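These notes are about the structure you will find just below.
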Amino acid sequence: MKDEKIDDILKDYFSEEMEPSPRLVEETQGHVKKLYYKRKRNIKLKVILLMIFSGLLFILQGYFLLNKYSLNIITLSILHYLFSGVFMFLTIVVYYHRDIFWRFFSLDT
Amino acid sequence: MSDKELIQLFNDGTLYASDILIEKYKSLLYRLCNKLTKNISDADDLFQDTWLKIFKNLNKYDTKSSFENWMYTICINTYKDKYNKKKRWLNLVKDYFSDDEKDIEWKRIESTDELPEDHIIEKENSDTIKEKVDSLDDKYRIPIILYYFKEFSYNEISEILNIPIGTLKSRLNTGRKILKELLKEVENHEG
């Protein structure tokens, strides 16, 4: 048998048309959809966790400003809202760049 | 619609984009799964696992590279991770039963005239080639599959397998040499 003939046999063998069964395709599409919804749920969970964290920081900084530094009410209010603005901004940044943070906070099993 | 647009749609939350991607590449991917694995059941599992991995890691896909090649890389890595670790004895048991099944099939074919003779010979040839290809070590087998499967260039195969071109060429040559010897032996034995 010549080398070219073997090459042709192998080419024919590897280019045989093959179709997965419709049931397999449907099942796969179903699994992908489940994965998508699971991922979406995880994103929501992460955002909720970040908001809780942000809220805790908001309360903590208010407590420290009030008790540690004994600031007057106007300065306290300004600083309080300034810090809370920063925390909210950080939360939004993290949410919109969640694909980058995904690797660090991944809750996928 | 291009692959990149479909991926963008999926990442933006349009779920039907995944159905279109699966429909588009199902035949190609299934063919590769079938050539990589030793039986239909493993091919089906590999097909599903590959798609799940693809959609799980779609946010890591670099849109500058080809989606199709990325898909093949994931398929081969999944195969290496999961299916290649099966114990040898399990394959031996499966081979034993598949031989028995072959005999039953042959008897059935002989007793009825349902299939044309050419088709039987073609099927038997295909089985022989599969047997010989499957007997190769994976480091030779996988480059050969990719080389003949879609006639990829050396560059593409080395990219998919993440190995240097020199190593790839050497493995391809060795693999082809072994395979040709094996097929020549079959022909001499039959002829």
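The structure displayed is predicted, hence computed values, not measured ones. Convention: sequence-line order gives letters A, B, ...; per-chain numbering from 1.
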| message | Can you tell me how far apart CD (A/Gln29) and CZ (B/Phe55) are? Round to the nearest 0.5 Å. | response | 9.0 Å
| Region of A/Leu24 in contact with chain B, defined by heavy-atom distances below 4.5 Å | both
| Gap between atom NZ of B/Lys180 and atom CG of A/Leu10 - 0.5 Å precision | 7.5 Å
| Is it the side chain or the backbone of B/Lys150 that comes within 4.5 Å of chain A heavy atoms, both, or neither? | neither
| task | Hey, could you give me the CD/CG distance between A/Glu16 and B/Asn34, rounded to the nearest 0.5 Å? | result | 8.5 Å
| What residue in A/Glu17, A/Lys11, A/Glu19 has the most heavy-atom pairs under 4.5 Å with chain B? | A/Glu19
| So, is the end of the B/Lys35 side chain (NZ or CZ) under 6.0 Å from the ring centre of A/Tyr13 and within 45° of the ring's axis? | yes
| request: Could you check if a side-chain atom of A/Glu26 sits within less than 4.5 angstrom of a side-chain atom of B/Asp19, using non-hydrogen atoms only? | output: no
| B/Glu159 atom CD, over 12 foreign heavy atoms within 6.0 Å | no
| note | Whatever's closer than 4.5 Å to a heavy atom in chain A on B/Ser27 counts as both
| field | Interatomic spacing from CD1 in A/Ile9 to OH in B/Tyr148 - rounded to 0.5 Å | value | 10.5 Å
| said: Counting only non-hydrogen atoms closer than 4.5 Å, does B/Phe10 touch chain A with its backbone (N, CA, C, O), its side chain (CB onward), both, or neither? | reply: both
| said: What's the separation between atom CD1 in B/Ile40 and atom CE in A/Met18, rounded to the nearest 0.5 Å? | reply: 6.5 Å
| query | Are more than 12 heavy atoms from other residues, nucleotides or ligands located less than 6.0 Å from atom CG of B/Asp62? | reply | yes
| message | Do B/Tyr16 and B/Ile22 land in one hydrophobic cluster if side-chain heavy atoms of ILVMFWY residues count as linked below 4.5 Å? | response | yes
| task | Could you state whether A/Tyr37 and A/Val32 fall into the same hydrophobic cluster, counting links through intermediate Ile, Leu, Val, Met, Phe, Trp or Tyr residues with side-chain heavy atoms under 4.5 angstrom apart? | result | yes
| said: Tell me whether B/Ile165 shares a hydrophobic cluster with B/Ile76, the cluster being built from Ile, Leu, Val, Met, Phe, Trp, Tyr side chains joined at under 4.5 Å. | reply: yes
| Heavy-atom distance under 4.5 Å to chain A: side chain of B/Leu52, backbone, both or neither? | both
| Part of B/Ile145 within contact of chain A (heavy atom distance under 4.5 Å) | both
| query | Between B/Phe47 and A/Pro20, what is the shortest heavy-atom contact and its length? | reply | CZ-CG, 4.1 Å
| note | Note: B/Lys56 and A/Leu35 closest approach over all heavy atoms is N-CD2, 3.7 Å
| request: Count the heavy atoms of every other residue, nucleotide or ligand shown that sit under 6.0 Å from NZ of B/Lys130, and state whether that count exceeds 12. | output: yes
| message | Once rounded to the nearest 0.5 Å, what's the spacing between atom CD1 of B/Ile144 and atom CZ of A/Phe14? | response | 7.0 Å
| field | Max heavy-atom pair count under 4.5 Å with chain A, selected residue of B/Arg31, B/Glu23, B/Lys26, B/Glu151 | value | B/Arg31
| field | Single-linkage hydrophobic cluster B/Leu15~A/Val25, side-chain heavy atoms < 4.5 angstrom | value | yes
